[in-house]
Amino acid sequence: MATPTIDKDAMSNLSFVLNKAGDVTFEERPKPSIPDPNSVLVAVNYTGICGSDVHYWVDGAIGSFVVQAPMVLGHESAGTVVEVGSAVKGLKPGDRVALEPGYPCRRCSFCRGGKYNLCPDIVFAATPPHHGTLTGLWAAPADFCYKLPDTVSLQEGALIEPLAVAVHVVKQAQIQPGQSVVVMGAGPVGILCAAVAKAYGATKVVSVDIVQSKLDFAKSFSSTHSYVPQRISPEENARAIRELADLPAGADAVIDASGAEPSIQASLHVVRTGGTFVQGGMGKSEITFPILAMCTKEVTVRGSFRYGAGDYELAIELVRTGRVDVKKLITGVVGFKQAEEAFQKVKAGEAIKILIAGPNETA
Ligand SMILES: NC(=O)c1ccc[n+]([C@@H]2O[C@H](COP(=O)([O-])OP(=O)(O)OC[C@H]3O[C@@H](n4cnc5c(N)ncnc54)[C@H](O)[C@@H]3O)[C@@H](O)[C@H]2O)c1
Ligand SMILES: OC[C@H](O)C(O)[C@@H](O)CO
């Protein structure tokens, strides 16, 4: 097939810029060029809104990451390759790609040890001071752009990022076929963790959330059971979850995708002796933690941060094979100029995932 000609000079590089907390503007920024022979230029087609984008928009900071200069938001994107560097193999103009938005140094002990998500010098889109992908054109290393199969749409491609987060969490949980999993939180990440756990062979997947409508969606998507925490102690909520799902010994694995202290506490009581707990949610930095339950049950406790080697590939494969139907998470798609309204809807809890079309997207 002939390579399509894409005129990058005719493209807009309109960007959605956060100036400071609550203050966003649209700005036509200088077009990036390919920085080195192994990089590509991508026209961004669709971008999802992550809770972290909303946090930066509302508070101007997440923990020690503070927006000190105007920053383009967004990091959940898919796009179309416009131009490739001279050394790039395997990608050509016109290819549709999911963008992995964090670029590690490739030289530190974490990168060399295969855990590049832990690289201290990673340049991560829309984590200050680095600009994000809510922009027209994006330059990226070619090996962090994943070609989408023909049957996977660009809109689905924008959901590969949160799905890769869930893939990483589930890998950390080391879920085996036939096991039971409790997922605290049924936002996009929790829902996707539940779906990936099911794809890994978990036969009981319990979603827990304080919002009934989120649980209704989780049940329709992949969970086998759901539970709304009551105003009782974490131990009592854990007991209720075990009774509900017929797990008298507790769950093999528990994943926190809420960041909420009470659910982290309940997690340590619902996990079985010798089970695994994975912290994926990012809430308060310090909490009261049931450390004796962890000790006496010999619970394996793991963190999970972003995604690493193989996670994007597996996320794409889960979508290609229909095991995780990410389309169902898309509440709506808005034009680029409606980005702020889309952020408002996500903040108000009116959407699971809203996609923002890129400024060059006409559909
Ligand atoms: N570890 C990582 O690399 C990584 C990556 C992306 C997101 N995150 C974090 O994962 C979490 C989930 O992300 P998301 O986009 O789904 O966010 P979200 O805010 O949409 O989902 C959180 C869910 O937790 C629920 N919740 C709140 N309190 C609860 C409680 N006491 N018990 C049970 N559920 C409760 C909320 O109702 C909500 O549905 C967030 O904390 C986010 O910051 C972590
Ligand atoms: O999906 C990736 C996450 O949103 C980011 O790690 C963010 O939460 C912190 O920079």
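First listed ligand is number 1; within each ligand, the first listed atom is number 1. Scope of the values below: all heavy atoms of this structure, side chains included, with no hydrogens, waters or symmetry mates.
Under a 4.0 Å criterion applied to the non-hydrogen atoms of C50, ligand 2 contributes the atoms 4 (O). Near V165, meaning under 4.0 Å from one of its heavy atoms, ligand 2 places the atoms 1 (O). In the vicinity of T127, heavy-atom distances shorter than 4.0 Å reach the ligand 2 atoms 10 (O).
Grouped by direct or indirect side-chain proximity (heavy atoms under 4.5 Å, Ile/Leu/Val/Met/Phe/Trp/Tyr only), L268 sits with V182, M184, V206, V208, Y227, I232, I241, L244, V254, I264, V270, V271, F277, I287, F289, I291, M294, V299, V301.
Under the 4.5 Å side-chain heavy-atom criterion for grouping Ile, Leu, Val, Met, Phe, Trp and Tyr, V333 is not connected to I49 through any hydrophobic cluster.
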- Item | side-chain contact (heavy atoms from CB on, under 4.5 Å) between V326 and I330, worked out | CA-CA 7 Å; V326 289; I330 302 172; over 6 Å; no
- Go through the steps to decide whether Y312 and Y307 satisfy the test ring pair (Phe, Tyr, Trp, His ring centres under 6.0 Å), and finish with yes or no. CA-CA 8 Å; Y312 254 65; Y307 22 72; 5.3 Å; yes
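Nearest non-hydrogen protein atom to atom 3 (C) of ligand 2 is H75 NE2, 4.0 Å. In terms of protein heavy-atom proximity, atom 9 (C) of ligand 2 is nearest to R306 NH2, 3.7 Å. Atom 8 (O) of ligand 2 has as its closest protein heavy atom S52 CB, 3.6 Å. Scanning the protein heavy atoms around atom 1 (O) of ligand 2, the nearest turns out to be E161 OE2, 2.7 Å.
Any N or O atom pair closer than 3.5 Å counts here, and Y56 shares no such pair with ligand 2.
Pairing each heavy atom of S12 with each of N360, the nearest pair is N-OD1, 2.7 Å.
The side-chain heavy atoms of V211 and L215, taken from C-beta on, include no pair separated by under 4.5 Å.
Looking at T25 and N19, their side chains do bring a donor and an acceptor atom within 3.5 Å of each other. A side-chain donor-acceptor contact under 3.5 Å links R29 and H131.
The proximity of F124 to ligand 2, defined as any non-hydrogen pair under 4.0 Å, is limited to the side chain.
K328 forms no cation-pi arrangement with F221, by the criterion of a distance under 6.0 Å to the ring centre and an angle within 45° of the ring axis. Judged by the 6.0 Å and 45° rule, R106 forms no cation-pi pair with Y116.
For ligand 1, the protein residues within 4.0 angstrom (heavy atoms only) are V165, G185, A186, G187, P188, V189, V208, D209, I210, V211, K214, P229, A257, S258, A260, S263, G280, G281, M282, S304, F305, R306.
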